[in-house]
Asker: 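Structure incoming, see below.
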Amino acid sequence: MNMAATGAEQVLRKIGGAVNVALATGFAWAAFRLYGEACARLELAGGIPPLSLEAARTLVLSTAAPAVAGNLGVAWLCAVAAAGCGFMALLGARWSFHAGLRLISALRA
């Protein structure tokens, strides 16, 4: 009975490890895609506008102001999401590293 519980626990650990690797890979992929989208939207907006009263006045009075503001907003949201996904991918890589160390120490014992 104890052997079956140990076997079931090992199966659950392997499934959990595979899910973690898949999630870390997915988060890394999403971080790269979101970073690319943020850069593309920032380029569509014309870059970061200078911080001056004259530049702000020109931007507000421009007919392209809604499009520029929308692209800057989407670029900001994508950049924040990319940072979050990158952080989650790093956590998954760290977990995978420690799982590998546990596996090596278990094989040595």
Side-chain angles (χ1 to χ4, degrees):
M1 185 99 168
N2 193 9
M3 294 293 285
T6 303
E9 183 179 323
Q10 288 177 351
V11 169
L12 284 175
R13 284 180 184 255
K14 288 179 182 176
I15 290 171
V19 168
N20 186 43
V21 169
L23 285 173
T25 304
F27 276 121
W29 176 81
F32 285 118
R33 292 288 302 230
L34 286 166
Y35 177 75
E37 183 65 24
C39 290
R41 290 299 183 126
L42 189 59
E43 188 176 328
L44 280 175
I48 299 174
L51 294 176
S52 69
L53 189 57
E54 186 60 35
R57 189 176 300 130
T58 303
L59 181 63
V60 169
L61 296 176
S62 169
T63 57
V68 170
N71 282 324
L72 287 174
V74 171
W76 183 80
L77 289 173
C78 286
V80 170
C85 286
F87 179 74
M88 292 300 291
L90 286 175
L91 286 179
R94 178 182 174 269
W95 184 92
S96 297
F97 173 74
H98 287 288
L101 289 179
R102 283 193 306 272
L103 178 66
I104 289 171
S105 75
L107 292 176
R108 284 186 178 178

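Along the sequence shown, residues are numbered consecutively beginning with 1.
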Asker: Using side chain to side chain donor-acceptor pair (under 3.5 Å) as the criterion, list what pairs up with Arg57, not counting sequence neighbours.
Answerer: Glu54

Asker: Looking at Ala93 and Ala24, what are the two nearest heavy atoms and their distance?
Answerer: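 Of all heavy-atom pairs spanning Ala93 and Ala24, the closest is N-CB, 4.3 Å.
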
Asker: Quick one: which residue pairs count as a salt bridge (Lys or Arg N to Asp or Glu O under 4.0 Å) with a foot in residues 34-50, not counting sequence neighbours?
Answerer: Glu37-Arg41

Asker: Tell me, yes or no, whether the heavy-atom count around Leu61 atom CG, taken from other residues, nucleotides or ligands under 6.0 Å, exceeds 12.
Answerer: yes

Asker: How is the hydrophobic cluster of Leu42 composed, in terms of its other members, when Ile, Leu, Val, Met, Phe, Trp and Tyr link through side-chain heavy atoms under 4.5 Å apart, directly or indirectly?
Answerer: Ile48, Leu59, Val68, Leu72

Asker: Could you pull out the closest heavy-atom pair between Tyr35 and Ala82, with the gap in Å?
Answerer: N-CB, 3.7 Å

Asker: Apart from Leu103 itself, which Ile, Leu, Val, Met, Phe, Trp or Tyr residues share its cluster (side-chain heavy atoms under 4.5 Å, direct or through members)?
Answerer: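 Noted: Leu103 shares its cluster with Leu107.
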
Asker: So, Ser62 side chain and Thr58 main chain: donor-acceptor pair closer than 3.5 Å or not?
Answerer: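 Checked: no pair found.
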
Asker: Could you pull out all residues at least two apart from Trp29 that satisfy side-chain contact (heavy atoms from CB on, under 4.5 Å)?
Answerer: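 Residues passing side-chain contact (heavy atoms from CB on, under 4.5 Å) with Trp29: Arg33.
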
Asker: Taking ILVMFWY side chains as joined if any heavy atoms are under 4.5 angstrom apart, and letting links pass through other members, which residues group with Leu101?
Answerer: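 Besides Leu101, the cluster holds Phe97.
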
Asker: Can you see which heavy atom on Ala28 is nearest to which on Ala89, and at what distance?
Answerer: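 Ala28 and Ala89 have their closest heavy atoms at N-CB, 3.7 Å.
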
Asker: What salt bridge (Lys or Arg N to Asp or Glu O under 4.0 Å) pairs are there with at least one residue in residues 10-31, not counting sequence neighbours?
Answerer: Glu9-Arg13

Asker: Among pairs that include at least one residue of residues 16-25, which meet side-chain hydrogen bond (donor to acceptor under 3.5 Å, both in side chains), considering only residues two or more places apart or in two chains?
Answerer: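 Every candidate side-chain hydrogen bond (donor to acceptor under 3.5 Å, both in side chains) pair involving residues 16-25 fails, so no pair, neighbours aside, qualifies.
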
Asker: Mind checking what makes side-chain contact (heavy atoms from CB on, under 4.5 Å) contact with Ala81, not counting sequence neighbours?
Answerer: Leu34

Asker: Show me the pairs that pass salt bridge (Lys or Arg N to Asp or Glu O under 4.0 Å) and involve residues 92-109, at least two apart or across chains.
Answerer: none

Asker: Which residues end up grouped with Trp76 if you chain together Ile, Leu, Val, Met, Phe, Trp and Tyr wherever their side-chain heavy atoms are less than 4.5 Å apart?
Answerer: Leu77, Val80

Asker: Listing request: all side-chain hydrogen bond (donor to acceptor under 3.5 Å, both in side chains) pairs with a residue in residues 77-87, at least two apart in sequence or in separate chains.
Answerer: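 Non-adjacent pairs meeting side-chain hydrogen bond (donor to acceptor under 3.5 Å, both in side chains): zero.
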
